[in-house]
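So you know, we letter chains A, B, ... as the sequences are listed, proteins then strands, and number each from 1.
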Protein chains: 2
Amino acid sequence: MQLRMTNQREIILKELRKSRQHLTADELYERVKKSMPRISLATVYRNLETLSAAGIITKLEISGRQKRFDWDVSQHDHIYCGQCNRVDNIDFDRELIGHSAIGSPIGYQVTGYRVEFVGICSSCKKKNEKTKEKNQER
Amino acid sequence: MQLRMTNQREIILKELRKSRQHLTADELYERVKKSMPRISLATVYRNLETLSAAGIITKLEISGRQKRFDWDVSQHDHIYCGQCNRVDNIDFDRELIGHSAIGSPIGYQVTGYRVEFVGICSSCKKKNEKTKEKNQER
DNA sequence: CTTAGTGCAAACTGTTTGCAGAGGG
DNA sequence: CCCTCTGCAAACAGTTTGCACTAAG
């Protein structure tokens, strides 16, 4: 099966890369629609699937309901905001987890692992402080 | 808001603990139905939510579509089979990941992290070997 | 030309919710 | 008795799919 570089595929890829973020399919759909109003959400889903299968982008397996897609194919870890679900990259020394660290995998053949950090992003932090102030006013 | 120990809640909890596994809501529903046929899936969902909010069980934030629930409340990490999505516990020295290991969290206040191992479970491994043999026969 | 890709609508999966009635404490 | 919990059905969110048509190579 060979890949064709269609117009929609090109725009999807361009928008994802331009965003420098970890977008969901529908976030990307909203952006792509601006330059290609008749594109369908299904096409966005299909292309994200195809592109990640081809290794051109990465599908993020992250806690939470929505899948996110990463224009950055190099291996790295993520942190997500427990409040707004925003995802960002995080520097983290993966070497720390050697295979020696793994105990009894009960018959599993371990093929990999993911480290996922949780936190509160700066904009939610600010939001919370404002809410707190408001509550104190009452 | 206080918790009532209803019949259905008790059975749900009992079945989850009895299973010694990391069940999804509908797997649990199937089991509970045997002793309480008129229970609804919504009740199972509601109770799993309530019980995990109360800290009596744990809701697993695991890659993949379905949520799973763990009768074991103590902190531990998991490994899941990339093929059948089965989830098991894994021994892993969490001390290895000190906060020192974390690089630039770009304004995040880090509250925690999850380590999730991926692999192929023993029964899928066997299944694969059999399939391979069959293919060689042809 | 051939066949991968598209838009649309409809299906599907996992989960949540509104409501009226049931039953724990 | 009160108020949380239940069963049911319907709604919901995110994603996938069948189909006839379009367009890339």
Next item on the list: Mind checking B:Asn47 for me? I need base, sugar-phosphate or nothing, with any heavy atom below 4.0 Å counting as a touch.
Entry: sugar-phosphate
Check: Taking OH from B:Tyr45 and C1' from C:dT13, how many angstroms apart are they, rounded to a whole number?
Finding: 9 Å
Checklist line | Close side-chain approach of B:Glu116 to B:His78, heavy-atom, < 4.5 Å | finding: no
Notebook entry, point to check: Quick one: A:Leu3 CG to D:dG25 C1', roughly how many Å, whole number?
Noted result: 13 Å
Note to self: Expressed as a whole number of angstroms, how long is the span from B:Tyr29:OH to C:dT13:C1'?
What the structure shows: 15 Å
Next item on the list: Can you tell me the distance, in whole Å, between the CG atom of A:Leu28 and the C1' atom of D:dT15?
Entry: 15 Å
Margin query: Any side-chain N or O of B:Arg38 below 4.0 angstrom from OP1/OP2 of D:dC8?
Written below: yes
Margin query: Can you classify the ring geometry of B:His22 versus B:His76 as parallel (below 30°), tilted (30 to 60°) or perpendicular (above 60°)?
Written below: tilted
Note to self: Between A:Gln66 and A:Asn7, which residue's closest nucleotide on DNA chain D lies nearer the 5′ terminus?
What the structure shows: A:Gln66
Checklist line | A:Lys33 vs C:dG7: side-chain N/O to OP1/OP2 distance below 4.0 Å | finding: no
Margin query: Whether the side chain of B:Arg4 and the base of D:dT4 hold a donor-acceptor pair under 3.5 Å is what I'd like checked.
Written below: yes
Margin query: Between B:Ser40 and D:dT6, is there a contact of a side-chain N or O with OP1 or OP2 at under 4.0 Å?
Written below: no
Notebook entry, point to check: What is the nucleic acid contact for B:Arg46, judged by heavy atoms within less than 4.0 Å: base, sugar-phosphate only, or nothing?
Noted result: base
Note to self: Using OP1 and OP2 only, check whether a side-chain N or O of A:Lys59 sits under 4.0 Å from D:dT15.
What the structure shows: no
Check: In whole Å, what is the span from the CG atom of A:Leu48 to the C1' atom of C:dG5?
Finding: 14 Å
Checklist line | Between C1' of C:dG5 and CG of A:Leu13, the distance in whole Å | finding: 16 Å
Next item on the list: Give one of base, sugar-phosphate or nothing for B:Leu41, where a contact means two heavy atoms less than 4.0 Å apart.
Entry: base
Next item on the list: For this output row, return yes or no: ring centroids of B:Phe92 and B:Phe117 closer than 6.0 angstrom.
Entry: yes
Checklist line | 5' priority, DNA chain C, between B:Met5 and B:Arg68 [closest heavy atom] | finding: B:Arg68
Check: Starting at CD1 of B:Ile39 and ending at P of C:dG23, how long is that distance when rounded to a whole Å?
Finding: 14 Å
Check: C:dT6 phosphate, OP1 or OP2: any side-chain N/O from A:Thr6 under 4.0 angstrom?
Finding: yes
Item checked: Nucleotide D:dT6, atom C1' - distance to CD1 of B:Ile11 in whole Å -> 13 Å
Item checked: Phosphate OP1/OP2 of D:dA23 contacted by A:Gln8 side-chain N/O (<4.0 Å) -> no
